[in-house]
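What follows is a short report on a single structure.
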Amino acid sequence: MTTFLAFVRKEALHILRDWRTLLVVVLLPIVQIILFGFAVSTEVNDLRVRVAATGRLTDVGRLAARLDASPYLRIAPIDAPAGSGNKSADRNDGTADRNFQTAGRKNAQDDGLNAMDETIDRALRRGEADAVLVADGRQGRLQLIVDASNPNTATMAAGYVAGALGSGTPDVRMLYNPQMLSAHNFVPGLMGLIFVIICAVLTSVAIVREKETGSIELLLVSPVSPLTTVAAKLTPYFAVSCVNLATILLLARYVLGIPLAGHVAATVVLSLVYIVFALSVGLLISTLVRTQVAAMIAALVAMMLPTILLSGMIFPVENAPRLLQWVSAIVPARWYISAVRKVMIEGLPLARVWLELAVLTGMTAVALAAALKKYNQRID
């Protein structure tokens with residue numbers, strides 16, 4: 001035990017002396033959590049929706065007031081086309097003055113309607129509006145015209161407007177994330193990515209660095225067993241990952257406001273298994289390459305890219321082609337992120353994610369056994 005602690009102390013001093021690596025290890029989780037929690041968001045805010053009416057006068061002010069109640073929409077008047085026989089109606093819902101231009105009357109001519117269409121088209125093409133809600137007084141229906149040059153924005157605009165109007169739609173109750181905040185979705189994914197970077201990438205680079213400097217030869221001829229050497233080299237990174245895990249959970253709860261509805265102990269158990277897996281992969285990579293650059297490239301290709309693209313961190317796995325869905329089943333981050341979301345956001349106990357935990361445990365055992373076997377072969 002004394003020898004093991006001495007090796008751990010030696011590796012910890014290496015980390016502390018390399019202040020650049022230490023800075024990355026400590027600050028990277030904080031920067032990513034804050035960046036994805038506040039700066040990077042899938043919500044589309046301040047969508048500019050303009051309201052107009054055709055045919056007989058319609059209570060445009062009431063429609064606009066319902067839209068204006070949405071925090072994602074910003075209501076603006078639409079300019080009436082010249083010579084179309086329109087008149088403007090000033091509406092006040094008691095909280096703010098809103099001006100809305102009303103196009104046409106009951107006996108509106110086709111040229112007036114065409115002028116309104118041209119006005120709407122011009123507003124959308126010039127970027128003056130993201131969507132236009134037209135109240136057709138003649139037919140008694142609403143029409144939403146959306147700029148679909150950006151499909152994501154168009155889809156969300158249509159959903160926001162439909163939700164704000166509420167006509168003909170059922171009462172919707174959002175569970176677990178009623179504000180539809182993207183931070184609730186990003187934090188579990190970032191946990192899977194951060195632990196890959198810290199454990200797999202940095203561990204593989206640190207061990208390969210020993211090869212480049214020649215100090216690995218001293219470790220190989222020492223009387224210490226290879227297992228003790230490996231465990232001692234990985235322990236400091238395991239400790240740093242535990243500190244990062246605690247930092248992420250604290251930031252998620254007290255900075256981003258994520259309720260952490262589930263048992264924190266379940267999140268910790270899942271994360272520890274995933275951390276050991278990432279450490280094992282880093283060790284395995286270090287036995288296969290000879291330079292730090294090669295180790296970093298191998299770790300990025302083998303771990304980071306699948307984590308970002310095939311784990312459900314950003315893109316839903318269900319939207320991928322069937323073949324890629326099958327491939328994603330061998331990506332450990334998919335199982336980890338899915339389990340953490342269920343535990344952290346939905347509040348499920350660890351027993352309800354037994355399948356994900358079992359898959360992660362099996363992958364960890366296989367990766368660790370392969371890494372140790374390959375490491376022993378290099379020694380022989």
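Computation of the quantities below employed the complete heavy-atom set of this structure, encompassing side-chain atoms and omitting hydrogens, waters and symmetry-equivalent molecules.
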When you group the ILVMFWY residues by side-chain heavy-atom contacts below 4.5 Å and let the links chain together, are [Y] and [X] in the same group?
{"X": "M303", "Y": "L324", "result": "yes"}
{"X": "V353", "Y": "V264", "result": "yes"}
{"X": "V243", "Y": "I194", "result": "no"}
{"X": "V293", "Y": "V301", "result": "yes"}
{"X": "V340", "Y": "V255", "result": "yes"}

Which atom pairs, one a donor and one an acceptor, fall under 3.5 Å between side chains of residues 354-370 and the rest of the protein, sequence neighbours left out?
| from | atom 1 | to | atom 2 | distance (Å) |
| --- | --- | --- | --- | --- |
| E356 | OE2 | K342 | NZ | 2.9 |
| T361 | OG1 | L357 | O | 2.7 |
| T364 | OG1 | V273 | O | 3.4 |
| T364 | OG1 | L360 | O | 2.7 |

Pairwise side-chain contact, [X] with [Y], heavy-atom cut-off 4.5 Å (strictly under):
{"X": "L245", "Y": "M191", "answer": "yes"}
{"X": "V49", "Y": "R74", "answer": "no"}
{"X": "V132", "Y": "V51", "answer": "no"}
{"X": "L350", "Y": "V269", "answer": "yes"}

How far apart are the closest heavy atoms of [X] and [Y], and which atoms are they?
{"X": "R334", "Y": "L310", "answer": "CB-O, 4.1 Å"}
{"X": "A266", "Y": "V343", "answer": "CB-CG1, 3.5 Å"}
{"X": "A333", "Y": "Y274", "answer": "CB-OH, 3.6 Å"}
{"X": "I337", "Y": "G189", "answer": "CD1-CA, 3.7 Å"}
{"X": "L300", "Y": "P306", "answer": "O-CD, 4.4 Å"}
{"X": "M313", "Y": "T307", "answer": "CB-O, 3.8 Å"}

Aromatic ring pairing Y336/F195, orientation class (parallel under 30°, perpendicular over 60°, tilted between):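 It falls in the perpendicular class, over 60°.
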Side-chain donor-acceptor pairs under 3.5 Å in residues 200-207, sequence neighbours left out?
| from | atom 1 | to | atom 2 | distance (Å) |
| --- | --- | --- | --- | --- |
| T203 | OG1 | C199 | O | 2.3 |
| S204 | OG | A200 | O | 3.0 |
| S204 | OG | V201 | O | 2.8 |

Derivation and outcome, side-chain contact (heavy atoms from CB on, under 4.5 Å), residues V208 and R290: CA-CA 6 Å; V208 172; R290 295 183 177 276; 5.9 Å; no
About how many Å separate [atom2] of [Y] and [atom1] of [X], when rounded to the nearest 0.5 Å?
{"X": "L323", "Y": "Q325", "atom1": "CG", "atom2": "CD", "value": "9.5 Å"}
{"X": "I285", "Y": "M296", "atom1": "CD1", "atom2": "CE", "value": "11.0 Å"}
{"X": "S328", "Y": "I330", "atom1": "OG", "atom2": "CD1", "value": "8.5 Å"}
{"X": "M344", "Y": "T267", "atom1": "CE", "atom2": "OG1", "value": "4.5 Å"}
{"X": "R50", "Y": "I75", "atom1": "CZ", "atom2": "CD1", "value": "11.0 Å"}

Atom CZ of R9 with >12 non-hydrogen neighbours under 6.0 angstrom: no
Test log, rule side-chain contact (heavy atoms from CB on, under 4.5 Å), inputs L193 and M304: CA-CA 7 Å; L193 181 61; M304 283 191 62; 4.0 Å; yes
I275 vs L279, side-chain contact (heavy atoms from CB on, under 4.5 Å): CA-CA, chis, key distance, verdict: CA-CA 6 Å; I275 288 171; L279 290 173; 4.1 Å; yes
Step-by-step side-chain contact (heavy atoms from CB on, under 4.5 Å) determination, N244 to I198: CA-CA 9 Å; N244 285 330; I198 293 175; 2.6 Å; yes
Donor-acceptor under 3.5 Å (T287 side chain, L284 main chain):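 At least one qualifying donor-acceptor pair exists.
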D130 side-chain N/O to L47 backbone N/O, donor-acceptor pair under 3.5 Å: no
